[in-house]
Amino acid sequence: MGGMRFPAVAGDGAQAEEAGSERIGWTPLPEEAKRSTTTSPAGVARLPRPDQRRIMTVANQKGGVGKTTSTVNLATALAVQGLRVLVIDLDPQGNASTALGVDHQSGVPSVYQLLLGEIGVAEAAATSTQSENLSCVPATVDLAGAEVELVSMVAREARLREALRPAVLDELDYDYVFIDCPPSLGLLTVNALVGAHEVVIPIQCEYYALEGLSQLINNIELVQSYLNPGLNVSTVLLTMYDGRTKLAEQVAQEVRGYFGERALRTVIPRSVKISEAPGFGQTVLSYDPGSRGSMSYLDAAREIAERGAERKTS
């Protein structure tokens, strides 16, 4: 994947209209329309358990792409559909902890102490208000200085992997672990990549969406080469999709053209409800269960789970 090159994406206006009109193929609009008439939040089915626990790091050093939003909503969607899920909030801002209704004031057991080896996952994880199947290891303000402290530690890149040892997670019986990264490529993000099996990359459907993605892919390849050879980019999620614009369709086409089947068919629409939910300390699934945003995250979670089940049987 080194030396990644994306085709040029047309800008707004007539140029985008012309480029978009020439494209034939996949578009999420028919699927959105079908889902809106066939999916009911009341009829949520149980999802298949993976054959092996999936530890998934949600990473993109570009801010504002829906990384934390996707982490908490995918985790909640899997949990409400019958799976046991743990979220590791590795972003010092603690937004994932807020959305999951978990206390992250200074002094509570947190990911900071987990990284230092002072406590284990069982002591650090708190049950989310969103689902009894969902737990979160919160981030407190103490995490802001963790990168400096980690520099002098032995095996500093593998502190999280050590905390997430299979024996520890087996005892807690989690099906999925999601790690929410800060919007940077620092030591916390490296810990997240070293501690995971898979990478989920959220990409917003906007003009500058692909900027910096090559740098992220190169960093993932470095981690694969030297620290975690089993790591792979398994999932790409298109976020903030606005079906009224040709540009959103173009970005979706470019991303799918490069990543192929790793890009989920489900796209997350640009939605006021998704944006409002964190302000109430909720995910969109609890804030407005019947909204398009909620339905889209349920669909995306189902796709992820079904892919895991296909991998199990293949």
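Because the structure is predicted, anything quoted here is derived from the model rather than measured.
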For the pair [X] (side chain) and [Y] (backbone), establish whether a donor and an acceptor sit closer than 3.5 Å, ignoring hydrogens and angles.
X	Y	answer
Arg159	Asn191	no
Thr57	Ala192	yes
Asp91	Ala96	no
Asp175	Arg49	no
Ser97	Ala139	yes
Arg53	Tyr174	yes
Asp89	Pro138	no
Ser128	Leu100	yes
Thr239	Val65	yes
Glu162	Ala158	no

Given the rule that I, L, V, M, F, W and Y join up when any side-chain heavy atoms are under 4.5 Å apart, are [X] and [Y] in one cluster?
X	Y	value
Val233	Leu238	yes
Leu237	Ile304	yes
Leu114	Val148	no
Leu143	Val151	yes
Leu187	Leu164	yes

To the nearest 0.5 Å, how far apart are [atom1] in [X] and [atom2] in [Y]?
X	Y	atom1	atom2	value
Ser294	Ile274	OG	CD1	8.5 Å
Glu221	Leu216	CD	CG	10.0 Å
Ser135	Leu172	OG	CG	8.5 Å
Tyr176	Leu47	OH	CG	7.5 Å
Asn218	Gln224	CG	CD	10.5 Å
Ile201	Leu213	CD1	CG	5.5 Å

Quick one: do Thr140 and Gln105 satisfy side chain to side chain contact (heavy atoms under 4.5 Å, CB included)? Show the steps, please. CA-CA 6 Å; Thr140 64; Gln105 297 181 30; over 6 Å; no
Please list all pairs meeting salt bridge (Lys or Arg N to Asp or Glu O under 4.0 Å) that have one or both residues in residues 65-85, counting only residues at least two apart or in different chains. Lys67-Asp180
Selection residues 140-157 - residue pairs positive for salt bridge (Lys or Arg N to Asp or Glu O under 4.0 Å), sequence neighbours left out: none
Check this for me, if you would: do Glu303 and Arg265 make a salt bridge, where the nitrogen-to-carboxylate-oxygen distance has to be below 4.0 angstrom? no
Does the distance from a Lys or Arg side-chain N to an Asp or Glu carboxylate O, for Asp242 and Arg270, drop under 4.0 Å? no
Taking the side chain as every heavy atom from C-beta outward, state whether [X] and [Y] have any atom pair closer than 4.5 Å.
X	Y	value
Gln52	His197	no
Leu227	Leu193	no
Leu116	Met153	yes
Tyr258	Val236	no

Would you say the side-chain atoms of [X] and [Y] include a donor-acceptor pair closer than 3.5 Å?
X	Y	value
Gln130	Thr76	no
Thr68	Asn95	no
Tyr297	Ser70	yes
Ser110	His104	no

Provide the closest heavy-atom pair for [X] versus [Y] in the form atom of the first, atom of the second, distance.
X	Y	answer
Pro109	Ile119	CB-CD1, 3.9 Å
Tyr287	Glu276	OH-OE1, 2.7 Å
Val121	Ala163	CG2-O, 3.5 Å
Val108	Gln113	O-OE1, 3.3 Å
Ser184	Thr189	O-OG1, 2.8 Å
Ala300	Leu74	CB-CD2, 3.7 Å

Candidate pair Ser286 and Thr283, rule side chain to side chain contact (heavy atoms under 4.5 Å, CB included), full reasoning: CA-CA 6 Å; Ser286 61; Thr283 61; 3.8 Å; yes
I'd like to know whether Ser234 forms a side chain to side chain contact (heavy atoms under 4.5 Å, CB included) with Met56, so could you lay out the CA-CA distance, the side-chain angles of the two residues, the decisive distance to 0.1 Å, and finally the verdict. CA-CA 9 Å; Ser234 67; Met56 310 179 80; 4.0 Å; yes
Test Asp299 against Leu264 for side chain to side chain contact (heavy atoms under 4.5 Å, CB included), laying out the working first. CA-CA 10 Å; Asp299 286 350; Leu264 296 183; over 6 Å; no
Within a 6.0 Å radius of atom CD on Glu123, are there more than 12 heavy atoms belonging to other residues, nucleotides or ligands? yes
Crowding at CD, Glu171 (>12 non-hydrogen neighbours, <6.0 Å): no
Under the side chain to side chain contact (heavy atoms under 4.5 Å, CB included) test against Ile55, which residue among Leu231, Leu86, Leu160, Leu169 passes? Leu169
